[in-house]
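Beneath this line is the structure, given in structure tokens, with notes to follow.
In each ligand, atom 1 is the first atom listed, and ligand 1 is the first ligand listed. Predicted model, so just to flag it, every value in this text is computed and none were measured.
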Amino acid sequence: MSSETKKLWVVLCVLLSVSDSWFWVRGEPQVPCYFIFGDSLEDDGNNNNITTLAKSNYQPYGIDFPSGPTGRFCNGRTTADIIVQLLGFEDFIPPFATAGGQDILKGVNYASAAAGIRDETGRQLGDRISMNQQLRNFQTTISQIVTLLGNETSAADYLGKCIYSVGMGNNDYINNYFMPLFYSTSRQYTPEQYADVLIQEYSQQLATLHDYGARKVVVIGLGPIGCTPNQLAQSNSTSCVERINNDSSLLFNARLKPLVHNLNNNLTGVKFIYVNTYGIFEDILRNAPSLGFRVTNTGCCVVGNGLVTCLPLQTPCQNRSEYLFWDAYHPTERPNVIIAGRFYSAQAPCDTYPIDICQLAQL
Ligand SMILES: *[C@@H]1O[C@H](CO)[C@@H](O)[C@H](O)[C@H]1NC(C)=O
Ligand SMILES: *[C@@H]1O[C@H](CO)[C@@H](O)[C@H](O)[C@H]1NC(C)=O
Ligand SMILES: *[C@@H]1O[C@H](CO)[C@@H](O)[C@H](O)[C@H]1NC(C)=O
Ligand SMILES: *[C@@H]1O[C@H](CO)[C@@H](O)[C@H](O)[C@H]1NC(C)=O
Ligand SMILES: *[C@@H]1O[C@H](CO)[C@@H](O)[C@H](O)[C@H]1NC(C)=O
Ligand SMILES: *[C@@H]1O[C@H](CO)[C@@H](O)[C@H](O)[C@H]1NC(C)=O
């Protein structure tokens, strides 16, 4: 790419990412396809039809989403949805549970609420699609793409042009390590050892994704788990629980970024990038008043005693855009717009490593 074209792209990246309103870009997307792996932060309906308490396909979820409740754990769009729009797609990426036909060529969303890097993670809530199972589901999609495109060579060429994002690890803490009544991991491992064990398994899963043909991969770091309304309530605290952040997100991220570096060094023809959810979220918290977030320590919807999701059909808070959190764990749409915008077009040097999503798309 010439340096003039590169400059133009940088300008376009910034213009696209600062727009806070609903928009769909007309014309070709920047990459032909986007595949999404993750948990409730990215799920767009994969848990709707499985037996689990981790569901969100009922009101008031989706109150700000055009088609209402869909299985997204938010009032509106998830960060994945916003990345889809910034990449220039004309529609959201369908969940694996219902995706079919030619649509899968644009990408598939495999994310499942309560899922983790470890297979057992989230089991106290019911069924969920673990990262290992999400990778098996991706294999199913690949064979469908081979059929659609005629042979394996053209499928591999095609899959190498897509963007992939992977956001895993939250539930391995929230719905595993920090639940000693249901899981033994906190008795087996120190926080450091547990982060090592998780990263070891995650590195194999990311290498598998590469084996299956992914070449442009966004690895999403953990946000500050100790700042969620649920953790605040459990610790009777009004501000972030430092010990929780130290023992989970910070240890995990400190190993994840070097893993991304190693994967880039060790595998050929591939670009993994790390996006710094933690730093961006901290920035939003620090600047909450000037950004118009009046409430940062409780969710907007009514959550039941001991529950983390919204109670069905209860009227949520009046002004959703003043709340950082929608329920006891998941941000409202407005911080998602800021976070996804900075993943897409980095505003600070530490937002993304080594490049941002806009640059990744242009490779
Ligand atoms: C949902 O589950 C039911 C019962 O297992 C099944 O008959 C139906 O086909 C499923 N629908 C989707 C969209 O997965
Ligand atoms: C695969 O399909 C493409 C497009 O139809 C074709 O050009 C190519 O020759 C095929 N390759 C093989 C090995 O069959
Ligand atoms: C929080 O407060 C409740 C009720 O006052 C108390 O039962 C509980 O032990 C407290 N938890 C912590 C972690 O301090
Ligand atoms: C958390 O980690 C920081 C930096 O290592 C340290 O200064 C702080 O004391 C830790 N806090 C707790 C509660 O462990
Ligand atoms: C990559 O290579 C480095 C040495 O260059 C090695 O220490 C590391 O374990 C390797 N990582 C992976 C994920 O293969
Ligand atoms: C809702 O909150 C936003 C952000 O603080 C503010 O700009 C807006 O005026 C509020 N709307 C209402 C109706 O209070």
Side-chain angles (χ1 to χ4, degrees), residues 28-29 31-33 35 100-108 138-162 169-170 172-174 176-180 183 185-199 211-215 221-261 268-269 274-288 296-297 324-325 328-329 348-351 353:
E28 287 298 296
V31 288
C33 30
F35 292 91
Q102 294 276 336
D103 279 357
I104 64 167
L105 290 173
K106 295 266 168 66
V108 175
F138 179 45
Q139 276 189 302
T140 303
T141 304
I142 294 174
S143 38
Q144 292 164 341
I145 290 181
V146 171
T147 307
L148 286 171
L149 297 183
N151 61 47
E152 288 186 359
T153 317
S154 26
D157 283 349
Y158 190 78
L159 291 169
K161 298 187 183 116
C162 311
N170 293 294
D172 296 292
Y173 288 102
I174 295 167
N176 188 326
Y177 196 73
F178 294 145
M179 285 207 164
Y183 302 90
T185 44
S186 61
R187 291 181 291 277
Q188 276 176 277
Y189 304 112
T190 66
E192 288 79 7
Q193 288 169 339
Y194 190 60
D196 286 337
V197 165
L198 287 181
I199 291 291
D211 286 347
Y212 291 169
R215 293 296 176 266
L222 294 187
I225 288 172
C227 299
T228 57
N230 181 282
Q231 289 299 334
L232 267 45
Q234 283 187 33
S235 312
N236 295 336
S237 172
T238 52
S239 59
C240 299
V241 188
E242 199 175 279
R243 187 188 55 79
I244 295 283
N245 282 339
N246 280 7
D247 285 355
S248 58
S249 320
L250 287 172
L251 288 177
F252 185 86
N253 290 341
R255 288 157 177 74
L256 187 56
K257 195 174 164 184
L259 170 63
V260 163
H261 179 84
T268 51
Y274 168 81
V275 294
N276 181 11
T277 318
Y278 195 103
I280 298 170
F281 206 89
E282 250 190 343
D283 212 23
I284 295 174
L285 269 176
R286 205 170 23 244
N287 297 301
T296 60
N297 57 10
L324 191 55
F325 285 95
Y329 272 121
C350 57
D351 281 357
Y353 169 85

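Counting only heavy atoms from C-beta outward, the side chains of Leu232 and Pro229 never approach each other to under 4.5 Å.
Ring-plane geometry between Tyr194 and Tyr173 is classed as perpendicular, the angle between the planes exceeding 60 degrees on a 0 to 90 degree scale with a lower cut at 30.
Between Asn151 and Ser154, the side chains place a donor N or O and an acceptor N or O closer than 3.5 Å (distance only, hydrogens not considered). A donor-acceptor pair shorter than 3.5 Å can be found between the side chains of Tyr329 and Asn230.
Closest protein heavy atom to atom 5 (O) of ligand 2: Leu149 O, 4.5 Å. The nearest protein atom to atom 8 (C) of ligand 4, hydrogens excluded, is given as Glu242 OE2, 3.3 Å; this is a heavy-atom distance. In this structure, the protein non-hydrogen atom closest to atom 1 (C) of ligand 4 is Asn246 ND2, 1.4 Å. Atom 11 (N) of ligand 2 has its closest protein heavy atom at Asn151 ND2, 2.9 Å. Here the protein heavy atom with the shortest distance to atom 4 (C) of ligand 2 is Ser154 OG, 4.5 Å.
The shortest heavy-atom contact between Asn245 and Cys227 is ND2-SG, 3.6 Å.
The number of heavy atoms from other shown groups lying within 6.0 Å of CD (Glu192) is above 12.
Here's the thing with Thr153: none of its N/O atoms is less than 3.5 angstrom from an N/O atom of ligand 2.
For atom 14 (O) of ligand 2, the nearest protein heavy atom is under 4.0 Å away.
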